[in-house]
Q: 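This is the structure I have questions about; it appears just below.
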Amino acid sequence: MDNLTFRHSILLVEGLKVTPQSSQPVFIVLLLAYVFAVVSNIGLIVLISTEKNLHDPMHFLFCNLPVNDIIGTTVIMPRLLQDILKEASERYISYVECVIQAYFVHVFTAACHYVLMIMAFDRYVAICNPLRYTAIMTNKMVIKLSAFAWGLAFLLVTIMIGLSVRLSHCRYKIENPFCDNASLFKLSCENVIINNIFGIIYTVIALSLSAVSIFITYVKIATVCITSKNKALNSKAIKTCSTHLAVYLIMFISGAVFIFLHRFPEYSDSRKLASIMFHIVPPGLNPLAYGLQTKEIRQKIVKLWCRKNRIL
(Lines give C-alpha, C1' and ligand atoms only; values in the text may rest on other atoms or scores of the structure.)
Protein backbone atom coordinates (compact mmCIF):
# COMPACT_ATOMS: atom_id res chain seq x y z
CA MET A 1 0.00 0.00 0.00
CA ASP A 2 1.54 3.32 -0.99
CA ASN A 3 1.54 6.34 1.30
CA LEU A 4 -1.14 8.18 -0.69
CA THR A 5 -3.59 5.29 -0.41
CA PHE A 6 -2.77 4.88 3.27
CA ARG A 7 -3.36 8.54 4.02
CA HIS A 8 -6.68 8.67 2.21
CA SER A 9 -8.32 5.37 3.13
CA ILE A 10 -6.89 4.41 6.54
CA LEU A 11 -6.96 6.68 9.58
CA LEU A 12 -5.28 6.43 12.95
CA VAL A 13 -7.62 6.95 15.91
CA GLU A 14 -6.19 8.35 19.11
CA GLY A 15 -8.61 6.32 21.21
CA LEU A 16 -8.73 6.46 25.00
CA LYS A 17 -5.41 7.23 26.61
CA VAL A 18 -4.73 4.55 29.21
CA THR A 19 -1.53 3.07 30.59
CA PRO A 20 -0.75 -0.60 29.86
CA GLN A 21 -1.35 -1.40 33.55
CA SER A 22 -4.81 0.15 33.61
CA SER A 23 -6.00 -1.00 30.18
CA GLN A 24 -7.62 -4.21 31.42
CA PRO A 25 -9.47 -2.67 34.44
CA VAL A 26 -10.72 0.18 32.21
CA PHE A 27 -11.78 -2.35 29.59
CA ILE A 28 -13.77 -4.36 32.15
CA VAL A 29 -15.50 -1.26 33.63
CA LEU A 30 -16.48 0.09 30.22
CA LEU A 31 -17.60 -3.35 29.02
CA LEU A 32 -19.86 -3.78 32.06
CA ALA A 33 -21.28 -0.27 31.56
CA TYR A 34 -21.93 -1.01 27.89
CA VAL A 35 -23.59 -4.38 28.58
CA PHE A 36 -25.76 -2.84 31.32
CA ALA A 37 -26.88 0.03 29.07
CA VAL A 38 -27.74 -2.24 26.13
CA VAL A 39 -29.46 -4.97 28.18
CA SER A 40 -31.51 -2.53 30.27
CA ASN A 41 -32.65 -0.55 27.23
CA ILE A 42 -33.53 -3.68 25.26
CA GLY A 43 -35.37 -4.94 28.36
CA LEU A 44 -37.51 -1.80 28.46
CA ILE A 45 -38.38 -2.07 24.78
CA VAL A 46 -39.34 -5.74 25.18
CA LEU A 47 -41.37 -4.98 28.31
CA ILE A 48 -43.35 -2.19 26.65
CA SER A 49 -43.83 -4.27 23.49
CA THR A 50 -45.16 -7.35 25.30
CA GLU A 51 -47.28 -5.78 28.06
CA LYS A 52 -50.64 -4.65 26.66
CA ASN A 53 -51.39 -2.21 29.49
CA LEU A 54 -48.22 -0.29 28.50
CA HIS A 55 -49.50 0.15 24.94
CA ASP A 56 -50.30 3.84 25.23
CA PRO A 57 -48.89 6.97 23.53
CA MET A 58 -46.62 7.90 26.43
CA HIS A 59 -44.83 4.54 26.46
CA PHE A 60 -44.73 4.22 22.68
CA LEU A 61 -43.06 7.64 22.45
CA PHE A 62 -40.73 6.62 25.26
CA CYS A 63 -39.55 3.63 23.17
CA ASN A 64 -37.73 6.12 20.93
CA LEU A 65 -35.41 6.91 23.85
CA PRO A 66 -34.02 3.40 24.53
CA VAL A 67 -33.68 2.81 20.77
CA ASN A 68 -31.60 5.98 20.52
CA ASP A 69 -29.60 5.06 23.63
CA ILE A 70 -28.72 1.69 22.11
CA ILE A 71 -27.54 3.46 18.95
CA GLY A 72 -25.55 6.02 20.93
CA THR A 73 -23.64 3.54 23.06
CA THR A 74 -23.18 0.87 20.36
CA VAL A 75 -21.81 3.27 17.77
CA ILE A 76 -18.65 3.95 19.83
CA MET A 77 -18.25 1.35 22.59
CA PRO A 78 -17.35 -1.85 20.68
CA ARG A 79 -14.70 0.00 18.69
CA LEU A 80 -13.42 1.86 21.76
CA LEU A 81 -13.15 -1.38 23.76
CA GLN A 82 -11.25 -2.97 20.91
CA ASP A 83 -8.83 -0.03 20.72
CA ILE A 84 -8.13 -0.06 24.46
CA LEU A 85 -6.45 -3.45 24.09
CA LYS A 86 -4.34 -2.27 21.15
CA GLU A 87 -1.16 -0.24 21.01
CA ALA A 88 -1.79 3.44 20.28
CA SER A 89 0.06 3.09 16.96
CA GLU A 90 -2.23 0.25 15.80
CA ARG A 91 -5.67 1.83 16.27
CA TYR A 92 -6.62 2.05 12.62
CA ILE A 93 -10.03 2.71 11.10
CA SER A 94 -11.04 3.07 7.46
CA TYR A 95 -12.28 6.46 6.28
CA VAL A 96 -15.69 4.99 5.39
CA GLU A 97 -16.07 3.43 8.86
CA CYS A 98 -15.08 6.75 10.40
CA VAL A 99 -17.75 8.62 8.41
CA ILE A 100 -20.43 6.07 9.40
CA GLN A 101 -19.43 6.31 13.06
CA ALA A 102 -19.45 10.12 12.98
CA TYR A 103 -22.85 10.09 11.29
CA PHE A 104 -24.53 7.99 13.97
CA VAL A 105 -22.69 9.76 16.81
CA HIS A 106 -24.45 12.97 15.73
CA VAL A 107 -27.77 11.24 15.01
CA PHE A 108 -27.71 10.03 18.61
CA THR A 109 -26.89 13.51 19.93
CA ALA A 110 -29.59 15.25 17.88
CA ALA A 111 -32.25 12.59 18.50
CA CYS A 112 -31.66 12.91 22.28
CA HIS A 113 -33.04 16.44 22.11
CA TYR A 114 -35.88 15.85 19.68
CA VAL A 115 -37.17 12.65 21.31
CA LEU A 116 -37.33 14.36 24.71
CA MET A 117 -39.07 17.29 23.03
CA ILE A 118 -41.91 15.14 21.64
CA MET A 119 -42.19 13.36 24.99
CA ALA A 120 -42.65 16.75 26.64
CA PHE A 121 -45.47 17.51 24.19
CA ASP A 122 -47.19 14.27 25.20
CA ARG A 123 -47.00 15.25 28.89
CA TYR A 124 -48.34 18.72 28.06
CA VAL A 125 -51.42 17.28 26.33
CA ALA A 126 -51.99 14.71 29.10
CA ILE A 127 -51.92 17.30 31.88
CA CYS A 128 -53.22 20.47 30.22
CA ASN A 129 -55.83 18.83 27.94
CA PRO A 130 -56.69 15.53 29.66
CA LEU A 131 -60.19 15.33 28.16
CA ARG A 132 -58.83 15.63 24.62
CA TYR A 133 -55.75 13.44 25.20
CA THR A 134 -57.07 10.33 23.44
CA ALA A 135 -58.37 12.42 20.54
CA ILE A 136 -55.04 14.23 20.06
CA MET A 137 -52.53 11.50 20.90
CA THR A 138 -53.71 8.90 18.40
CA ASN A 139 -51.46 6.21 16.91
CA LYS A 140 -51.12 8.41 13.82
CA MET A 141 -49.95 11.33 15.95
CA VAL A 142 -47.42 9.13 17.76
CA ILE A 143 -46.01 8.04 14.38
CA LYS A 144 -45.91 11.66 13.15
CA LEU A 145 -44.10 12.87 16.27
CA SER A 146 -41.58 10.03 16.12
CA ALA A 147 -41.01 10.61 12.40
CA PHE A 148 -40.48 14.33 13.09
CA ALA A 149 -37.86 13.66 15.79
CA TRP A 150 -35.88 11.14 13.75
CA GLY A 151 -36.41 12.92 10.43
CA LEU A 152 -35.07 16.22 11.74
CA ALA A 153 -32.07 14.48 13.32
CA PHE A 154 -31.20 12.59 10.12
CA LEU A 155 -31.72 15.66 7.92
CA LEU A 156 -29.44 18.00 9.88
CA VAL A 157 -26.76 15.35 10.41
CA THR A 158 -26.80 14.35 6.73
CA ILE A 159 -26.17 17.98 5.71
CA MET A 160 -23.44 18.42 8.33
CA ILE A 161 -21.55 15.21 7.53
CA GLY A 162 -22.05 15.85 3.79
CA LEU A 163 -20.23 19.17 4.14
CA SER A 164 -17.28 17.38 5.74
CA VAL A 165 -17.15 14.43 3.32
CA ARG A 166 -16.90 16.79 0.33
CA LEU A 167 -13.50 18.01 1.58
CA SER A 168 -10.24 16.41 0.56
CA HIS A 169 -8.06 15.41 3.47
CA CYS A 170 -4.33 15.77 3.94
CA ARG A 171 -4.10 14.34 7.46
CA TYR A 172 -4.75 10.85 8.74
CA LYS A 173 -4.96 11.12 12.54
CA ILE A 174 -8.26 11.39 14.43
CA GLU A 175 -7.35 13.30 17.59
CA ASN A 176 -10.35 12.00 19.49
CA PRO A 177 -11.41 8.71 21.12
CA PHE A 178 -13.86 8.19 18.24
CA CYS A 179 -14.88 9.82 14.95
CA ASP A 180 -17.18 12.82 14.90
CA ASN A 181 -17.84 15.68 12.49
CA ALA A 182 -15.09 17.91 13.86
CA SER A 183 -12.60 15.05 13.53
CA LEU A 184 -13.58 14.61 9.88
CA PHE A 185 -13.19 18.20 8.72
CA LYS A 186 -10.00 18.65 10.75
CA LEU A 187 -8.44 16.08 8.41
CA SER A 188 -8.66 18.66 5.62
CA CYS A 189 -6.25 21.43 4.73
CA GLU A 190 -9.01 23.32 2.90
CA ASN A 191 -11.03 26.26 4.22
CA VAL A 192 -13.57 24.81 6.68
CA ILE A 193 -15.40 28.03 7.61
CA ILE A 194 -18.67 26.67 6.15
CA ASN A 195 -18.35 23.57 8.32
CA ASN A 196 -17.75 25.67 11.42
CA ILE A 197 -20.71 27.95 10.68
CA PHE A 198 -23.09 25.06 10.01
CA GLY A 199 -21.76 23.25 13.11
CA ILE A 200 -22.69 26.27 15.22
CA ILE A 201 -26.12 26.51 13.58
CA TYR A 202 -26.68 22.78 14.12
CA THR A 203 -25.71 23.02 17.81
CA VAL A 204 -27.89 26.10 18.38
CA ILE A 205 -30.91 24.44 16.70
CA ALA A 206 -30.51 21.20 18.65
CA LEU A 207 -30.01 22.90 22.02
CA SER A 208 -32.36 25.87 21.71
CA LEU A 209 -35.24 24.04 20.01
CA SER A 210 -35.41 21.37 22.71
CA ALA A 211 -34.58 23.66 25.65
CA VAL A 212 -37.06 26.39 24.69
CA SER A 213 -39.89 24.00 23.82
CA ILE A 214 -39.40 21.95 26.99
CA PHE A 215 -39.17 25.14 29.09
CA ILE A 216 -42.41 26.52 27.60
CA THR A 217 -44.10 23.16 28.08
CA TYR A 218 -43.17 22.99 31.76
CA VAL A 219 -44.19 26.60 32.35
CA LYS A 220 -47.65 25.81 30.95
CA ILE A 221 -47.87 22.60 32.99
CA ALA A 222 -46.81 24.47 36.13
CA THR A 223 -49.41 27.18 35.45
CA VAL A 224 -52.17 24.56 35.16
CA CYS A 225 -51.03 22.87 38.37
CA ILE A 226 -50.88 26.15 40.30
CA THR A 227 -54.30 27.33 39.16
CA SER A 228 -55.88 23.90 39.59
CA LYS A 229 -56.90 22.60 43.00
CA ASN A 230 -57.08 19.04 41.71
CA LYS A 231 -54.63 17.06 43.88
CA ALA A 232 -54.81 14.01 41.61
CA LEU A 233 -53.80 16.14 38.61
CA ASN A 234 -50.93 17.75 40.50
CA SER A 235 -49.70 14.38 41.73
CA LYS A 236 -49.80 12.96 38.20
CA ALA A 237 -47.92 15.98 36.87
CA ILE A 238 -45.18 15.67 39.47
CA LYS A 239 -44.70 11.93 38.91
CA THR A 240 -44.63 11.94 35.11
CA CYS A 241 -42.82 15.24 34.62
CA SER A 242 -40.13 14.58 37.23
CA THR A 243 -39.06 11.47 35.34
CA HIS A 244 -38.91 13.31 32.01
CA LEU A 245 -37.09 16.25 33.58
CA ALA A 246 -34.56 13.93 35.27
CA VAL A 247 -33.76 12.28 31.92
CA TYR A 248 -33.44 15.68 30.21
CA LEU A 249 -31.11 17.00 32.92
CA ILE A 250 -28.93 13.86 32.72
CA MET A 251 -28.56 14.39 28.98
CA PHE A 252 -28.16 18.17 29.20
CA ILE A 253 -25.53 18.12 31.97
CA SER A 254 -23.52 15.34 30.27
CA GLY A 255 -23.53 17.31 27.01
CA ALA A 256 -22.89 20.68 28.68
CA VAL A 257 -19.76 19.38 30.45
CA PHE A 258 -18.41 18.15 27.12
CA ILE A 259 -19.20 21.45 25.32
CA PHE A 260 -17.84 23.55 28.23
CA LEU A 261 -14.51 21.70 28.25
CA HIS A 262 -14.15 22.42 24.51
CA ARG A 263 -13.38 26.02 25.47
CA PHE A 264 -10.31 25.02 27.48
CA PRO A 265 -7.56 23.32 25.41
CA GLU A 266 -5.59 22.51 28.57
CA TYR A 267 -8.40 20.14 29.58
CA SER A 268 -8.27 18.22 26.31
CA ASP A 269 -8.04 14.80 28.00
CA SER A 270 -10.96 15.62 30.31
CA ARG A 271 -13.03 16.72 27.31
CA LYS A 272 -12.31 13.46 25.50
CA LEU A 273 -13.32 11.46 28.57
CA ALA A 274 -16.50 13.56 28.89
CA SER A 275 -17.35 12.82 25.25
CA ILE A 276 -17.18 9.09 26.01
CA MET A 277 -19.26 9.52 29.18
CA PHE A 278 -21.98 11.22 27.12
CA HIS A 279 -22.42 7.91 25.31
CA ILE A 280 -22.39 5.87 28.53
CA VAL A 281 -24.02 7.86 31.34
CA PRO A 282 -27.39 8.85 29.77
CA PRO A 283 -27.96 5.43 28.12
CA GLY A 284 -27.17 3.76 31.45
CA LEU A 285 -29.18 6.09 33.70
CA ASN A 286 -32.25 6.62 31.50
CA PRO A 287 -33.61 3.08 32.01
CA LEU A 288 -33.11 3.46 35.77
CA ALA A 289 -34.89 6.82 35.79
CA TYR A 290 -37.91 5.50 33.89
CA GLY A 291 -37.83 2.00 35.36
CA LEU A 292 -37.79 3.22 38.95
CA GLN A 293 -39.93 6.36 38.70
CA THR A 294 -42.64 5.33 36.23
CA LYS A 295 -45.26 3.47 38.24
CA GLU A 296 -46.52 1.20 35.43
CA ILE A 297 -43.04 0.06 34.40
CA ARG A 298 -41.89 -0.33 38.01
CA GLN A 299 -44.89 -2.51 38.86
CA LYS A 300 -44.28 -4.75 35.84
CA ILE A 301 -40.60 -5.15 36.72
CA VAL A 302 -41.53 -6.09 40.31
CA LYS A 303 -44.13 -8.61 39.09
CA LEU A 304 -41.68 -10.22 36.70
CA TRP A 305 -39.05 -10.37 39.44
CA CYS A 306 -41.46 -11.98 41.91
CA ARG A 307 -42.64 -14.46 39.27
CA LYS A 308 -39.06 -15.41 38.48
CA ASN A 309 -38.18 -15.95 42.16
CA ARG A 310 -41.31 -18.07 42.60
CA ILE A 311 -40.23 -20.32 39.73
CA LEU A 312 -36.73 -20.63 41.19
Q: Taking Asn181 for the side chain and Ala102 for the main chain, is one N or O donor matched with an acceptor at less than 3.5 Å?
A: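 No, because the side chain of Asn181 does not come within donor-acceptor range (under 3.5 Å) of the backbone of Ala102.
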
Q: Mind checking the CD1-CG spacing from Ile205 to Leu152? Nearest 0.5 Å is all I need.
A: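 Spacing of CD1 (Ile205) from CG (Leu152) equals 7.5 Å.
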
Q: Can you name the nearest heavy-atom pair linking Val157 to Ala110, along with the distance?
A: CG2-CB, 4.5 Å

Q: Do Met77 and Leu30 have side chains that approach each other closer than 4.5 Å (heavy atoms only, starting at C-beta)?
A: yes

Q: Using the rule that two of Ile, Leu, Val, Met, Phe, Trp, Tyr join whenever any of their side-chain heavy atoms come within less than 4.5 Å, decide whether Ile193 and Val165 are in one cluster.
A: yes

Q: What pair of heavy atoms forms the shortest contact from Leu156 to Tyr114, and how long is it?
A: CD1-OH, 3.3 Å

Q: To the nearest 0.5 Å, how far apart are CD1 in Ile174 and CG in Leu11?
A: 5.0 Å

Q: Ignoring hydrogens, what is the shortest heavy-atom contact between Val115 and Ala149? Give both atom names and the distance.
A: N-CB, 4.1 Å

Q: Using the test side chain to side chain donor-acceptor pair (under 3.5 Å), find all partners of Thr217 that sit at least two apart in sequence or belong to another chain.
A: none

Q: Measure the spacing between CG of Leu81 and CG of Leu16 and express it to the nearest 0.5 Å.
A: 9.5 Å

Q: Looking only at side chains, do Trp150 and Asn68 share a donor and an acceptor under 3.5 Å apart?
A: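 No - no donor-acceptor pair under 3.5 Å links their side chains.
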
Q: Flag the pair Leu80 / Pro177 as yes when at least one side-chain heavy-atom distance between them is below 4.5 Å, and no otherwise.
A: yes

Q: Under a 4.5 Å side-chain heavy-atom rule over Ile, Leu, Val, Met, Phe, Trp and Tyr, are Ile161 and Leu155 clustered together?
A: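 Same cluster: Ile161 reaches Leu155 through Ile, Leu, Val, Met, Phe, Trp or Tyr contacts under 4.5 Å.
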
Q: Treating Thr223 as the side-chain partner and Val219 as the backbone partner, does any N or O pair qualify as donor plus acceptor under 3.5 Å?
A: yes

Q: Which heavy-atom pair separates Met251 from Cys112 by the least distance, and what is that distance?
A: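 Closest heavy-atom pair between Met251 and Cys112: CG-CB, 3.9 Å.
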
Q: Pair Phe121, Phe148 - check side-chain contact (heavy atoms from CB on, under 4.5 Å), show working.
A: CA-CA 13 Å; Phe121 174 76; Phe148 166 77; over 6 Å; no

Q: Report yes if the distance between the aromatic ring centroids of His169 and Phe185 is under 6.0 Å, otherwise no.
A: no

Q: Quick check for you: to the nearest 0.5 Å, what is the distance between Phe198 atom CZ and Met160 atom CE?
A: 7.0 Å

Q: Taking the side chain as every heavy atom from C-beta outward, state whether Leu187 and Tyr95 have any pair of such atoms under 4.5 Å apart.
A: yes

Q: Report yes if some heavy atom in the side chain of Met137 is under 4.5 Å from a heavy atom in the side chain of Leu61; otherwise report no.
A: yes

Q: Is there side-chain contact between His59 and His55, with at least one heavy-atom pair below 4.5 Å?
A: no

Q: If we ignore hydrogens and angles and just use 3.5 Å, is the side chain of Ser22 paired with the main-chain N or O of Val18 as donor and acceptor?
A: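 Checked: no pair found.
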
Q: Is there a donor-acceptor pair under 3.5 Å between the side chain of Arg166 and the backbone N or O of Leu163?
A: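 Flag set: sc Arg166 to bb Leu163 pair under 3.5 Å.
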
Q: Got a donor-acceptor contact below 3.5 angstrom from the Gln101 side chain to the Cys179 backbone?
A: yes

Q: Is Ser213 reaching over with its side chain to a backbone N or O of Ser210, donor-acceptor style, under 3.5 angstrom?
A: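 Pair found, side chain donor or acceptor close to backbone of Ser210.
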
Q: Decide yes or no for Leu65 and Phe62: does some side-chain heavy atom of the first lie under 4.5 Å from some side-chain heavy atom of the second?
A: yes

Q: So with a 6.0 Å cut-off around CD of Gln24, is the heavy-atom count from everything else above 12?
A: no

Q: Check the pair Asn195 / Leu167 against side-chain contact (heavy atoms from CB on, under 4.5 Å), numbers first and verdict last.
A: CA-CA 10 Å; Asn195 300 74; Leu167 300 168; 3.8 Å; yes

Q: Under 3.5 Å, side chain of Glu51 to main-chain N/O of Ile48, donor-acceptor pair present?
A: no

Q: Would you please say whether a donor-acceptor pair under 3.5 Å links the side chains of Tyr133 and Asp122?
A: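 Side chains of Tyr133 and Asp122: pair found under 3.5 Å.
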
Q: With distance as the sole test, does Asn129 use its side chain to make a donor-acceptor pair with the main-chain N or O of Arg132 at under 3.5 Å?
A: no

Q: Taking the six-membered ring for Trp and the single ring otherwise, decide whether the centroids of Phe278 and Phe108 are under 6.0 Å apart.
A: yes

Q: Using 0.5 Å steps for rounding, measure from the OG atom of Ser23 to the NZ atom of Lys86.
A: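 The OG atom of Ser23 sits 14.0 Å away from the NZ atom of Lys86.
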
Q: Return yes when atom CG of Leu249 has more than 12 non-hydrogen atoms of other residues, nucleotides or ligands closer than 6.0 Å, and no otherwise.
A: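 Yes, the 6.0 Å shell around CG holds more than 12 heavy atoms from other groups.
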
Q: Can Glu175 and Ser183 be counted as having a side-chain donor-acceptor contact under 3.5 angstrom?
A: no

Q: Tell me the closest heavy-atom pair linking Asn64 and Ser146, and the distance in Å.
A: ND2-OG, 3.0 Å

Q: Rounded to the nearest 0.5 Å, what separation is found between the CG atom of Asn41 and the OG1 atom of Thr74?
A: 9.0 Å

Q: Same cluster or not: are Val26 and Val35 linked, directly or through other Ile, Leu, Val, Met, Phe, Trp or Tyr residues, by side-chain heavy atoms under 4.5 angstrom apart?
A: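 They do share one cluster, since a chain of ILVMFWY contacts under 4.5 Å joins Val26 to Val35.
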
Q: Counting C-beta onward and ignoring hydrogens, is there a side-chain heavy-atom pair between Lys186 and Asp180 closer than 4.5 Å?
A: no

Q: With no hydrogens and no angle check, is any side-chain donor or acceptor of Thr73 less than 3.5 Å from a backbone partner on Ile70?
A: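 Checked: no pair found.
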
Q: Grouping I, L, V, M, F, W and Y whenever their side-chain heavy atoms are under 4.5 Å apart, do Val29 and Val39 come out in a common cluster?
A: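 Different hydrophobic clusters.
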
Q: Quick check: is Val204 connected to Tyr248 through a chain of hydrophobic side chains (ILVMFWY, heavy atoms under 4.5 Å apart)?
A: no

Q: Does the pair Ile276 and Phe178 meet the rule for a side-chain contact (heavy atoms from CB on, under 4.5 Å), with working shown?
A: CA-CA 9 Å; Ile276 295 172; Phe178 52 86; 4.2 Å; yes

Q: Should Asp56 and Phe60 count as side-chain neighbours, where that means a heavy-atom distance under 4.5 Å?
A: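 Not touching, per the 4.5 Å side-chain cut-off.
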
Q: So which atom in Arg171 and which in Ser188 form the shortest heavy-atom distance, rounded to 0.1 Å?
A: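 Shortest heavy-atom separation between Arg171 and Ser188 comes out as NH1-O, 2.7 Å.
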
Q: Run through Leu288, Asn286, Leu285 and flag the one making a side chain to side chain contact (heavy atoms under 4.5 Å, CB included) with Val247.
A: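 Of the listed options, the one satisfying the test is Asn286.
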
Q: Sub-3.5 Å donor-acceptor pair from the side chain of Arg91 to the main-chain atoms of Leu12, do we have one?
A: no

